[in-house]
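Position 1 is the first residue of the sequence, and the numbers go up from there.
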Amino acid sequence: MAENKSARTIKTYSEALRLFTEHLRRNGMPTAVASITREHIETFITDQLGRHKPSTACVRHRSLQAFWKCCVEEGEVRESPMAKMMPPKVPEEPVPVI
């Protein structure tokens, strides 16, 4: 999965997976890769939107997309549960003018 990614990118991916796993456990959801569905991921993203800015939830969404892409490539799952799942909308925030 590293694919020549920067240390920061790998840290971001790892953090998203850790938070996702904690969310699954906290809510009594499956943690086995083959048992995770789109609905499980959607509850996590919804939770993230409730706790953080949309940009943070979007980063976590993209991190999970990268993970599931790897799972498909490695044959862990046949299809990503995130297939056709759109990232959260991130509203444009105007840059303050000095």
Non-hydrogen side-chain atoms of [X] and [Y] separated by less than 4.5 Å:
X   : Y   : value
T43 : M29 : yes
L24 : F44 : no
K69 : M82 : no
P54 : K89 : no
C71 : S80 : no
R60 : H52 : yes

### Task
Show your working on side-chain contact (heavy atoms from CB on, under 4.5 Å) between H23 and H40 and close with a plain yes or no.
CA-CA 9 Å; H23 172 80; H40 299 130; over 6 Å; no
Show the nearest heavy-atom pair for residues [X] and [Y], with the distance to one decimal.
X   : Y   : answer
A83 : R38 : O-NH1, 3.3 Å
L49 : P88 : CD2-CB, 4.0 Å
V33 : V77 : CG1-CG1, 3.7 Å

Report the distance from atom [atom1] of [X] to atom [atom2] of [Y], rounding to the nearest 0.5 Å.
X   : Y   : atom1 : atom2 : answer
N27 : D47 : CG    : CG    : 7.5 Å
W68 : M85 : CH2   : CE    : 11.0 Å
H61 : S55 : NE2   : OG    : 14.5 Å
L64 : I45 : CG    : CD1   : 5.5 Å
R62 : Y13 : CZ    : OH    : 10.5 Å
L17 : E22 : CG    : CD    : 11.0 Å

### Backbone of R8 reached by a side-chain donor or acceptor of T12 within 3.5 Å
yes
### Message
Does atom CD (E39) have a neighbourhood of more than 12 heavy atoms from anything else shown, all under 6.0 Å?
### Response
yes
### Message
For R18, I'd like to know if atom CZ has over 12 heavy atoms of other residues, nucleotides or ligands within 6.0 Å.
### Response
yes
### Message
Any salt bridge linking K11 with E15? Criterion: basic side-chain nitrogen under 4.0 Å from a carboxylate oxygen.
### Response
no
### From CA spacing to verdict: side-chain contact (heavy atoms from CB on, under 4.5 Å), V72, E79
CA-CA 6 Å; V72 170; E79 183 179 15; 5.6 Å; no
